[in-house]
Number of protein chains: 2
Amino acid sequence: MDQERPVKLSDISKALNLSVSTVSRALKDSHEIGEETKKIVQSYAARVNYRPNLIAQSLKEMNTRYIAIIVPEISNSFFAEVVNGVEFVANNQGYHVVIYQTHDSTEREINIIRDVARRKADGLLLSPSTNQKEVKEVMKSIGAKLPVVYFDRVPSDNYCHKVVCDNYQAAFDATTWLIKLGKRRIAHMAGPSGISISIERLAGYSAALLNAGISVDPNLIRYSNFLAREAWDNLRDLEEKFQPDAYFASSDRLSFYCYEAVQKLPEPRALEVKIVGFTNAPFAHLLRPKLSAIVQPAFDMGKIAAEMLLNTITKKNKDIEYGFIKLPAVLKNTE
Amino acid sequence: MDQERPVKLSDISKALNLSVSTVSRALKDSHEIGEETKKIVQSYAARVNYRPNLIAQSLKEMNTRYIAIIVPEISNSFFAEVVNGVEFVANNQGYHVVIYQTHDSTEREINIIRDVARRKADGLLLSPSTNQKEVKEVMKSIGAKLPVVYFDRVPSDNYCHKVVCDNYQAAFDATTWLIKLGKRRIAHMAGPSGISISIERLAGYSAALLNAGISVDPNLIRYSNFLAREAWDNLRDLEEKFQPDAYFASSDRLSFYCYEAVQKLPEPRALEVKIVGFTNAPFAHLLRPKLSAIVQPAFDMGKIAAEMLLNTITKKNKDIEYGFIKLPAVLKNTE
DNA sequence: TTAATTTACGCAAACGATTGCGTAAAATGG
DNA sequence: CCATTTTACGCAATCGTTTGCGTAAATTAA
């Protein structure tokens, strides 16, 4: 029944007076093994609860049947949904998904990428916190053969697989919506400068302003890295000096920081200042006054990214055809 | 520089005209190798970017230097924080953490446990969705030698490592607080019956009522599994038939469902009905009216669970000393 | 100077599974 | 009845590391 030590092929082979290779083949229903023998081996294996050692299998087969996904933070609903999409596809194809988080630390990110490579994951889904040049370098240094699909935050070149949402359009729409509400001094709480999503969202924001004949005021654009501290300083400074009449926030966390900061303002302003931000938080719609949300199709992004990855993994022909998918985001809670 | 195929020991050994074993030992700074040779090997390995194949290493060493954590849902802030605590400790000790989610599916959970065992994770942190008898059976069937620490949802017996928060006391305090506010018809939205947290939280709730001379009304106690549907049906039914003047919700999700359901009620009641629930959601305090929150020390729970696990992994002596840690939860947003 | 020891390395087995190839015995063909 | 094919299995190499043991050469001891 329950053995002290996992049973292996050689245990079975000894018990049944067969060779290890016969047992191995019998268990995979090889035609080279007699029906009788197969039955015996299979039923015995079932009885003693034999489970192949995946480490050994992986070493021999040179694949591991799992893919890794590296995200900044699993508690971020956007990434959690992406992961769910990835799992949905991967599990259907017999792959396991292992999740790593970087907490937006470059050091951690690089360590994890190296580890994933050394553990021979069959593929990697990556939304890098680290700047793209460095990431690409790391990817090169690990000795190839690790297929990668980038999502959300992606390199700018076209020599890689990418899945994103239409950040430009979403930012444009959200900003335009604020303008239609009569807002003019719209602040933009941007993510770290230099990464793709920040650039595109800023571009959409700027285009919407210009499109409405409003000039882009650099004072109203604030970059925050991943520290709460920075965001709060930016918000306080904005309120003291410029009193924006609306905020457009570029990430989940920034959206909520904005919201909290605004709610702390004295009465009239607290209700007048509009906030729209990227967020997939499932309970954002419960907030009063409303937090308007740009919701990304996270689950689908995960599904598509996983499909692209698994395609390149199982692809026989080596001709790389890089994919670039862009999905629309939607604006919600606009009453 | 960047090679087409990861370089292995034998590549180095050929290039330097040394045996594989010498190279291996040189790289781990063995005293059996001459200083001169070590320098040569090490610098060459660095130049060609040698990284040991962890699959091969694991097979030989019979350990993998990583631990697995299986949670119902990573987007649940409580579990996300636990994971962070686990990572904090594990990474400090040179272990990687891989995260799996079950989505509260027994089938997935069992599959994952089996997979973790077959991949030879060095240990497992588990908050099982599945009933304890079945889980324990699965744990047995995988052929021992997989140390486990349970957290949050734990088996009732004392023959395992456990880390929990004081669910009974937290539920007692929360319910007592509602009573002090003058509430008398306090509904309890409980999680799936049969698992530890549901039982303890229900017990705390009941004790608080009895302690205040209020009889426990079974009509006000509703069990919901993991489907949103069930929770909503329960809430609608409660409102139609019993109009509770307060809700005590047993989980993150239930807390928000309650909150949303109550906010949808007609004006006077929507503001009068109090809600207190277990949640670690970082933005729960932004809700108006307030959602009072029982916040668990999730990060610490993760840290402690990981420490317990790593202790039993590295323990030389085989005498199992089962640990059982219980931490206090705190009541927040009570104005 | 000779024996004992140390140094510095190589050989080969092992971890657990897979698989190409070889080969008895059985089955088939003519 | 003999030659050929098929069936059913075993042997041994392999995946990339690690490590016990063996052994020449170098060093030390006496």
Side-chain angles (χ1 to χ4, degrees), chain A residues 3 5-42 44-45 48-65 115 117-122 142-145, chain B residues 3 5-42 44-45 48-65 115 117-122 142-145:
Chain A
Q3 55 287 331
R5 174 181 58 82
V7 11
K8 43 192 178 179
L9 285 186
S10 65
D11 295 329
I12 302 183
S13 88
K14 275 171 204 150
L16 302 181
N17 260 323
L18 290 166
S19 79
V20 172
S21 47
T22 300
V23 174
S24 172
R25 279 186 258 250
L27 288 176
K28 12 180 68 65
D29 223 19
S30 161
H31 65 277
E32 296 193 62
I33 305 299
E35 290 305 324
E36 186 64 10
T37 316
K38 280 194 211 171
K39 295 272 177 283
I40 295 177
V41 172
Q42 286 168 2
Y44 182 82
V48 297
N49 228 307
Y50 169 75
R51 310 277 168 190
N53 179 325
L54 288 192
I55 302 277
Q57 248 176 4
S58 296
L59 179 60
K60 183 70 177 105
E61 303 280 284
M62 303 299 269
N63 68 16
T64 50
R65 308 280 301 169
D115 192 66
R118 296 197 299 162
R119 291 190 188 280
K120 308 296 173 189
D122 288 347
I142 59 180
K145 259 230 358 184
Chain B
Q3 55 288 330
R5 175 181 58 81
V7 11
K8 43 192 177 178
L9 286 185
S10 65
D11 296 328
I12 302 183
S13 87
K14 274 170 204 152
L16 300 182
N17 260 322
L18 290 167
S19 78
V20 173
S21 48
T22 300
V23 174
S24 172
R25 278 186 258 249
L27 288 176
K28 17 178 65 67
D29 223 17
S30 161
H31 66 277
E32 295 194 63
I33 304 299
E35 290 304 323
E36 186 64 9
T37 315
K38 280 194 211 172
K39 295 272 177 283
I40 296 177
V41 172
Q42 285 167 3
Y44 182 83
V48 297
N49 227 308
Y50 169 74
R51 310 278 168 187
N53 180 324
L54 288 192
I55 302 277
Q57 246 176 5
S58 296
L59 179 60
K60 186 68 176 112
E61 303 280 282
M62 303 299 269
N63 68 17
T64 51
R65 308 281 300 169
D115 192 66
R118 295 198 299 164
R119 290 190 190 280
K120 309 294 171 189
D122 287 348
I142 60 180
K145 261 235 350 190

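Here is the naming used below: chain letters follow the sequence lines, and residue numbers restart at 1 for every chain.
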Roughly how far apart, to the nearest Å, are D:dA30 and D:dA26 at atom P? 22 Å
Between B:Ser19 and B:Thr22, do the side chains contain an N or O donor and an N or O acceptor separated by less than 3.5 Å? yes
So A:Ser58, base contact, sugar-phosphate only, or nothing? Heavy-atom distance under 4.0 Å. nothing
Distance in angstrom units between B:Asn63 CG and D:dT18 P, rounded: 11 Å
In whole Å, I'd like the distance from the NZ atom of A:Lys14 to the C1' atom of C:dG16. 12 Å
Quick one: do B:Arg51 and B:Asn49 satisfy side chain to side chain donor-acceptor pair (under 3.5 Å)? Show the steps, please. CA-CA 6 Å; B:Arg51 310 278 168 187; B:Asn49 227 308; 3.1 Å; yes
note: A:Asn17, atom CG; D:dA8, atom P; distance rounded to Å ~ 19 Å
Quick one, give me the B/S/- string for nucleotides 17-25 of chain C, reading 5' to 3', where B means a protein heavy atom under 4.0 Å from the base and S means that only happens at the primed atoms, P, OP1 or OP2. BBBBB----
Whole angstrom value for the distance that separates C1' of C:dC9 from CG of B:Leu27: 15 Å
Test item: B:Lys38 side-chain N/O and B:Arg25 main-chain N/O as donor-acceptor pair under 3.5 Å: no
Nearest atoms (heavy-atom pairs only) where B:Val20 meets B:Ser10: CG2-CA, 4.0 Å
N/O donor-acceptor pair under 3.5 Å between B:Asp122 side chain and B:Asn63 backbone: no
Would you indicate what A:Ile55 reaches in the nucleic acid, counting non-hydrogen atoms under 4.0 angstrom: base, sugar-phosphate, or nothing? nothing
Give the rounded distance in Å between these two atoms: NE2 of A:His31 and P of D:dT7. 8 Å
Per side-chain contact (heavy atoms from CB on, under 4.5 Å), A:Tyr44 is matched among A:Val7, A:Val23, A:Leu16, A:Asp11 by A:Leu16
B:Met62 CE to D:dT17 P, straight-line distance once rounded to whole Å: 18 Å
Atom CD of B:Glu35 and atom C1' of C:dC9: how far apart are they, to the nearest Å? 14 Å
Could you tell me how far apart B:Ile33 (CD1) and C:dT6 (P) are, to the nearest whole angstrom? 18 Å
Nearest heavy-atom neighbours spanning A:Arg119 and B:Leu54: CG-CD1, 3.5 Å
